[in-house]
Amino acid sequence: MKIKSLFFFSLLISLNSQKVLSQELQITPRPLEVISGNNTFKINTETQLVFDENTKKIVTNLQDYFKNDFGFDLKTTNYQSLKKNYIVFKVDENLAEEGYELTISEDKIRICAKNATGWFYGTQTLMQLCSYNADFSKYEKQLTLKEVTIKDAPNFKWRAFMLDEARYFKGMEQVKMLLDEMAFLKMNVFHWHLVDDQGWRIEIKKYPKLTEIGSKRKSTQIGPLQWESPIQSAEPHEGFYTQEQVKEIINYAKERHITIVPEIEMPGHSTAAIASYPWLGTSKKEIEVPIKFGVGKDVYDVTNERTNQFLRDVLEEVMALFPSEVIHIGGDEVKYNHWKSSESVQKYMKEKNLATPADLQVYFTNNISKYIESKGRRMMGWNEIMGHNLHDYQDKKDTRTSQKLAEKSIVHFWKGDVKLAETAARNGYEIVNSLHTFTYLDYKYKNLSLSKAYSFDPIPENLDEKYHDKILGLGCQMWGEWIPTNGEMHYRVFPRIAAYAEVGWTEKKRKDFTLFKTSLKNLQKRWTAKEIYFAPDDFTEKN
């Protein structure tokens, strides 16, 4: 009898759990607080959108959504005293910077926010409610929504996705697609990796050879062995963005409340630039844009004033294009042997009392930081910019440094003992956590499954609570070496990008992987309709 009772008790719990899951609103990322009511609101052809000068753009977007997805031509009005059947936006200064409060009652829908970003995120939630949580009658031309109040705000202010186009140029259409999906998932930073050893992808008018030469390579390493592969494509690859195209993409992102942070690598990962202008390198030799992946053949000669002027000139054009407060300078994987074998570099180091190559890198980085700060911006770089010893190929003696990184620098943590990130936070540096084992989208699903991506916590486990505000958030990185086609990129990005969106937005205690997987079914329908070739469920945990 006891076994029977236990069986029925377990069955009851299971059925109740399924009932709770089915009743839970399917919204990604999961909101902060949801309070459900008993009434309903019907959106139909008589529903009016109330607008003013501040909400015109958002109202237009909603009009387009209802027309494209449901065939409703909703009317607009600037009349603020309607009695019923309307959608209205209100200012509430008490809400968080990106937060919103969405209320669906019997007579209206109201979205309150402190600013346009909050309204935008409120409309993304409303669209998910309409698309995935409402009853739609095609014949009556109406949507029936349940009464609900959603109070919501992000857990982290930096919720980034990075696309590396230096290795494979993807082009404007794919970038805009990614921005659309980021906006729908409330991600707010597009980290654009535009230059590297294997390609330079942005027009710099003062240095035209960067794109005439640096944006092209004659072949590309391919094959299942990846980094160890001897196979070449024997096909040229090229592409870059003109400054006008960059402006178009920046404006497209701005309309979706996404900041684009450009990354211009220095002093390493610079072979494409050196192939364009050999005097930039340490060896001064003519080289080609590499056809193999991995760290390149040379690094910038940062002891040469002509090289430093080149970098300032490039950054000046980049900052004229990008309004982002933050400019990413890379700074990772600098092979110090290039500097160690150069007589002129060694002489410079003695003159400046720089004992190690790491000292030279931090000294150079701080000079770049001063220049960026002089333009009212902030520098960001991978955590090697602190002089961290992260690589087996570096001699430990070379990575000791007495130089202190510029205080306003943002440290982009990607590799090494987590204690390095904790130490940086305790020393007052702001950090974006992109620990590679949890956030690198070039990793196969068997190494970085969907559930592992979802489990990531940007705040290191042992970090004292008083330093938690130093963790700005997270980034997930789509490194480009092994995504030659758009479909291969889609497969690695989707669905993991949705997991990172929820990591960045949703409070840790509110996260629930089972609920996330349920909501994911709706995103998969969206992606299918948009011809985004996501990884199937049975691959995301083991392949």
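Note that the coordinates shown come from a computational prediction; the quantities given were computed from them, not determined experimentally.
- Counting heavy atoms of neighbouring residues, nucleotides and ligands inside a 6.0 Å radius, atom CG of Asn353 does not exceed 12 of them.
- Using the six-membered ring where Trp is involved, Tyr207 and Phe310 have ring planes that are perpendicular, over 60° apart on the 30 and 60° scheme.
- Defined by atom type and a distance below 3.5 Å, a donor-acceptor pair is missing between the side-chain atoms of Arg306 and Gln309.
- Separating the CG atom in Asn427 from the NZ atom in Lys470 is a distance of 10.5 Å, to the nearest 0.5 Å.
- More than 12 heavy atoms of other residues, nucleotides or ligands sit less than 6.0 Å from atom CD of Gln226.
- Under a 3.5 Å cut-off, the side chain of Thr282 and the backbone N or O of Val299 do form a donor-acceptor pair.
- There is no side-chain donor-acceptor pair under 3.5 Å between Asn366 and Gln403.
- Using a 4.5 Å cut-off on side-chain heavy atoms (C-beta onward), Lys511 and Phe516 make no contact.
- If you check the side chains of Gln361 and Thr365, you find no donor sitting under 3.5 Å from an acceptor.
- Summarising the geometry, atom CE belonging to Met177 is positioned 7.0 Å from atom CG belonging to Asn486; distances are rounded to the nearest 0.5 Å.
- Counting only distance, with no hydrogens or angles, the side chain of Thr307 and the backbone of Tyr300 share no donor-acceptor pair below 3.5 Å.
- Crowding of Lys176 atom NZ: a count of heavy atoms from other residues, nucleotides or ligands under 6.0 Å exceeding 12.
- Residues Leu185 and Thr28 are in side-chain contact: their nearest non-hydrogen atoms beyond the backbone lie under 4.5 Å apart.
- At least one side-chain heavy atom of Asn308 sits under 4.5 Å from a side-chain heavy atom of Phe364.
- Within 6.0 Å of CD on Glu407 lie no more than 12 heavy atoms contributed by other residues, nucleotides or ligands.
- Under the 3.5 Å distance criterion, the side-chain polar atoms of Arg496 are matched with a main-chain donor or acceptor of Leu441.
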**Report entry** Intermediate values then yes/no, salt bridge (charged side-chain N to carboxylate O under 4.0 Å, His left out), Lys370 and Glu373
**Finding:** CA-CA 5 Å; Lys370 286 175 189 172; Glu373 283 182 35; over 6 Å; no
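- Pairing each heavy atom of Gln243 with each of Glu203, the nearest pair is N-OE1, 2.8 Å.
- The closest side-chain heavy-atom distance from Glu98 to Arg159 is below 4.5 Å.
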Report task. Let me see the working for Asn383 and Trp414 under side-chain contact (heavy atoms from CB on, under 4.5 Å), right down to the final yes or no. Result -> CA-CA 7 Å; Asn383 54 304; Trp414 77 280; 3.0 Å; yes
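- Between Arg378 and Ile327, every side-chain heavy-atom pair lies at or beyond the 4.5 Å cut-off.
- Looking at heavy atoms from C-beta onward, Lys347 lies out of side-chain contact with Thr303 at the 4.5 angstrom threshold.
- Looking at Ser276, its side chain does come within 3.5 Å of a backbone N or O of Gly214 through a donor-acceptor pair.
- Ring pair Tyr491/Tyr445: centre-to-centre distance below 6.0 Å.
- Annotation: the span from Leu194 atom CG to Asp196 atom CG amounts to 10.5 Å, rounded to 0.5 Å.
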Requested in this report: Evaluate side-chain contact (heavy atoms from CB on, under 4.5 Å) for Thr117 paired with Asn188, printing each intermediate quantity in order.
Outcome: CA-CA 10 Å; Thr117 301; Asn188 65 349; over 6 Å; no
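- Annotation for Pro495 and Leu520: closest pair CB-CD1, 3.8 Å, computed over non-hydrogen atoms.
- No donor-acceptor distance shorter than 3.5 angstrom exists from the side chain of Asp359 to the backbone of Leu354, with no hydrogens or angles considered.
- Using a distance-only test at 3.5 Å, with no hydrogens or angles considered, a donor-acceptor pair links the side chain of Glu165 to the main chain of Lys170.
- Lys206 meets the salt bridge (charged side-chain N to carboxylate O under 4.0 Å, His left out) test with Asp313; sequence neighbours excluded.
- In this structure, the side chain of Thr439 does not engage the main chain of Cys476 through any donor-acceptor pair within 3.5 Å.
- The backbone N or O of Leu474 lies less than 3.5 Å from no partner atom in the side chain of Asn433, so there is not a single donor-acceptor pair.
- A ring-ring contact (aromatic ring centres under 6.0 Å, His included) with His328 holds for exactly one of His191, His193, His269; it is His191.
- Counting non-hydrogen atoms of neighbouring residues, nucleotides and ligands closer than 6.0 angstrom, the CD atom of Glu305 exceeds 12 such neighbours.
- Test Tyr241, Trp200, Phe240 against Phe169 for ring-ring contact (aromatic ring centres under 6.0 Å, His included) and you get one pass: Tyr241.
- A donor-acceptor contact shorter than 3.5 Å links the side chain of Lys284 to the backbone of Gly281.
- Taking the six-membered ring for Trp and thresholds of 30 and 60 degrees, Trp339 and Tyr336 have nearly parallel ring planes, at less than 30 degrees apart.
- Looking at heavy atoms from C-beta onward, Trp192 lies in side-chain contact with Ile249 at the 4.5 angstrom threshold.
- With respect to the salt-bridge test (charged N to carboxylate O, under 4.0 angstrom), the residues Asp537 and Lys521 qualify.
- Using a cutoff of 4.0 Å between basic side-chain nitrogens and carboxylate oxygens, Arg256 and Asp180 are scored as salt-bridged.
- Looking at Glu181 and Arg526, a side-chain N of the basic residue comes within less than 4.0 Å of a carboxylate O on the acidic one, giving a salt bridge.
- Within 6.0 Å of CD on Glu351 lie more than 12 heavy atoms contributed by other residues, nucleotides or ligands.
- Salt bridge Glu333/Lys415: absent, no basic N to carboxylate O contact under 4.0 Å.
- Between Tyr440 and Trp382, the angle of the ring planes goes over 60°, which puts this pair in the perpendicular group of the 30/60° scheme.
- Rounded to the nearest 0.5 angstrom, Glu97 CD and Asn115 CG are separated by 5.0 Å.
- Note on ring orientation: taking the six-membered ring where Trp is involved, the planes of Phe513 and Tyr454 are tilted (angle from 30° to 60°).
- Two residues are said to be in side-chain contact when any heavy atoms from C-beta on lie closer than 4.5 Å; Glu384 and His391 meet this criterion.
- Aromatic ring orientation, Tyr443 versus His436: perpendicular (interplanar angle above 60°, classes split at 30° and 60°).
- With rounding to the nearest 0.5 Å, the separation of OG1 in Thr259 from NE2 in His257 is 10.5 Å.
- Taking CD1 of Ile274 as the start and CG of Asp197 as the end, the distance is 8.0 Å to the nearest 0.5 Å.
- With respect to Glu422 and Arg426, a salt bridge is recorded, a charged nitrogen being found less than 4.0 Å from a carboxylate O.
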Requested in this report: Starting from the C-alpha separation in whole Å, work towards a yes-or-no answer on side-chain contact (heavy atoms from CB on, under 4.5 Å) for Gln477 and Asp164.
Outcome: CA-CA 8 Å; Gln477 288 68 231; Asp164 165 19; over 6 Å; no
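- Side-chain atoms of Arg167 never come within 3.5 Å of backbone atoms of Trp479 as a donor-acceptor pair (strictly under, hydrogens ignored).
- In the displayed structure, Lys530 atom NZ is contacted under 6.0 Å by more than 12 heavy atoms of other residues, nucleotides or ligands.
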